[in-house]
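Shown next, in structure tokens, is the structure this report addresses.
Reminder, nothing fancy here: chain letters follow the sequence lines and each chain counts from 1.
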Protein chains: 2
Amino acid sequence: MRTAAVEDYVKIIYKLQTQTETVSTSTLAERTGTSAAAVTKMLKHLAQLNLVSYTPYHGARLSPMGETIALEVIRHHRLLELYLAQAMGYPWDEVDAEAEKLEHVISEEFEDSIARLLGFPDFDIHGDPIPTRDGQMPKTVTETLDTQAVGTWVVVRRVSDADAALLRYVGECGLKPGVEVQLLAREPFGGSLTVEIAGLERRISPQAAQNVFVEHSLSRDLSESEKKVGGILE
Amino acid sequence: MRTAAVEDYVKIIYKLQTQTETVSTSTLAERTGTSAAAVTKMLKHLAQLNLVSYTPYHGARLSPMGETIALEVIRHHRLLELYLAQAMGYPWDEVDAEAEKLEHVISEEFEDSIARLLGFPDFDIHGDPIPTRDGQMPKTVTETLDTQAVGTWVVVRRVSDADAALLRYVGECGLKPGVEVQLLAREPFGGSLTVEIAGLERRISPQAAQNVFVEHSLSRDLSESEKKVGGILE
DNA sequence: TTTATGATTTAACCCCGGTTAAATCATAAG
DNA sequence: CTTATGATTTAACCGGGGTTAAATCATAAA
């Protein structure tokens with residue numbers, strides 16, 4: 001039976017197994033907010049449903065069927081997040097909680113409706129990729145703002161939605177997907193970063209910058225390097 | 001604990017207790033699609049939660065607390081129905097099923113958002129009254145189309161949403177809230193009715209007409225009677 | 001007033017998703 | 001190679017919402 005609990009476990013396992021080869025009971029317990037015993041029981045249940053391959057004492061991984069379900073749930077979640085923000089005016093640090101509940105009850109028709117209304121988007125409000133209906137996950141960037149060299153121009157592509165408070169802070173800084181930023185300075189020994197956003201200088205905590213994923217700005221960065229190249233050649 | 005099941009029972013009891021003084025186990029079993037035994041157990045549970053006054057073998061009625069919850073759930077349901085139809089283009093015979101699932105999970109903030117986006121409406125897409133946030137139920141009409149005298153002009157105010165197929169049929173006939181209709185003829189012995197809708201003659205089954213709630217048309221009906229009065233006076 | 005019948009409740013059971021406490025396993029350290 | 005320790009599983013339990021079958025109640029009819 002595909003209950004909300006089953007969908008939640010599968011979704012969480014999907015996200016965790018990108019980092020670790022096999023997902024352990026304890027990390028699952030921590031992420032679901034339940035006991036290790038509950039997780040063990042659920043993993044057996046998921047294995048029974050052929051959603052997971054589970055080796056006792058050695059963790060679990062999603063089966064192809066489990067992965068399909070995970071992607072469906074994530075698609076629901078991210079479409080909902082974008083819809084709540086775009087169409088209903090939710091602040092971007094509140095959409096996650098609401099989508100968390102809605103994702104398990106909306107119909108395929110509802111999903112199609114909001115996808116259509118949003119123009120079949122590839123990324124949600126935080127820049128997270130929205131799986132397509134046939135289970136393809138759009139590519140996204142993995143570089144973070146805090147590791148950039150001083151002087152580079154970047155475009156914000158994604159902001160981690162793990163922490164709502166951090167999300168609010170980063171949003172107030174103006175670091176939203178699509179925004180162009182130049183790293184101006186880096187305080188030594190893990191101090192704050194100075195960036196230029198929309199013509200303004202801004203000081204950003206390195207922890208926040210770690211959660212901002214960026215891509216090198218084609219327009220801005222090229223013109224910057226052209227300047228340098230030009231300078232050398234002259 | 002206010003679970004989806006509790007909310008559903010309370011909502012159904014609310015609707016049933018407008019007709020019968022006390023709601024019986026068997027009617028609840030029929031409406032919830034469960035066994036009488038399950039209903040008995042749930043009624044005890046609801047009594048425990050102070051949502052219902054329950055006398056074994058003699059049925060139940062909502063307590064003031066139960067009524068409050070029922071109205072909140074119905075408000076959720078009807079706002080959702082209108083939103084699905086209005087903002088998302090759902091056909092009016094499909095909104096009920098989707099709202100049935102969503103009504104238990106949306107937050108108060110979500111409710112406020114759609115209420116605002118819809119302009120704080122008093123009636124849903126079928127003409128059913130939407131309880132206000134403080135628990136007031138807007139007044140609605142109780143006269144049905146099939147009992148009208150031949151010749152009268154009426155405005156459709158509400159259509160029963162009990163049966164989706166009937167709803168589709170009635171909608172195809174053009175009998176939607178706000179539409180003005182004149183009853184032209186009535187076939188004897190429960191035969192079909194002939195009505196004028198938007199300048200067109202239409203034949204309607206009496207069973208369908210029983211589910212269409214109307215109000216006498218102020219504009220049209222007055223001018224009709226004026227004509228007659230004028231004729232007599234001349 | 002008794003009795004038959006249908007409505008209702010009780011009893012025993014099921015699954016789901018959780019809990020705590022005890023047992024067991026994997027593994028790093030001695 | 002043994003052992004200590006932390007991770008994991010097992011066992012027994014709980015509440016929520018359902019089931020079927022048996023017992024009990026309410027009531028209309030004889």
Complementary nucleotide of C:dA23, counting Watson-Crick and G-U pairs under 3.5 Å
D:dT8
Reading 5' to 3' through nucleotides 9-21 of chain D, protein heavy-atom contacts under 4.0 Å coded B for base, S for sugar-phosphate only, - for none
BB-----SBBBB-
Is D:dA28 paired to anything, Watson-Crick or G-U wobble with both distances less than 3.5 Å, and if yes, which nucleotide?
C:dT3
Show every salt bridge (charged side-chain N to carboxylate O under 4.0 Å, His left out) that has at least one partner inside residues 37-55 of chain A, sequence neighbours left out.
none
Check this for me: does any side-chain nitrogen of one of A:Lys11 and A:Glu100 sit under 4.0 Å from a carboxylate oxygen of the other?
yes
Sequence neighbours excluded and cut-off under 3.5 Å, please list the side-chain donor-acceptor pairs for residues 79-91 of chain B, or say none.
from    : atom 1 : to       : atom 2 : distance (Å)
B:Glu81 : OE1    : B:His126 : ND1    : 3.3
B:Glu81 : OE2    : B:His77  : NE2    : 2.9
B:Tyr83 : OH     : A:Tyr83  : OH     : 2.6
B:Tyr90 : OH     : A:Phe110 : N      : 3.1
B:Tyr90 : OH     : B:Glu98  : OE1    : 2.9

Could you give all pairs that pass the ring pair (Phe, Tyr, Trp, His ring centres under 6.0 Å) test and reach residues 3-34 of chain B, with sequence neighbours left out?
none
Rounded interatomic separation in angstrom, taking CG from A:Leu28 and P from D:dA7
15 Å
Quick one: list whatever passes salt bridge (charged side-chain N to carboxylate O under 4.0 Å, His left out) with B:Arg158, sequence neighbours left out.
B:Asp128
Using atom NE2 of A:His104 as one end and atom P of C:dG17 as the other, report the distance to the nearest whole Å.
11 Å
Please identify each residue that fulfils salt bridge (charged side-chain N to carboxylate O under 4.0 Å, His left out) with A:Arg133, with sequence neighbours left out.
A:Asp112
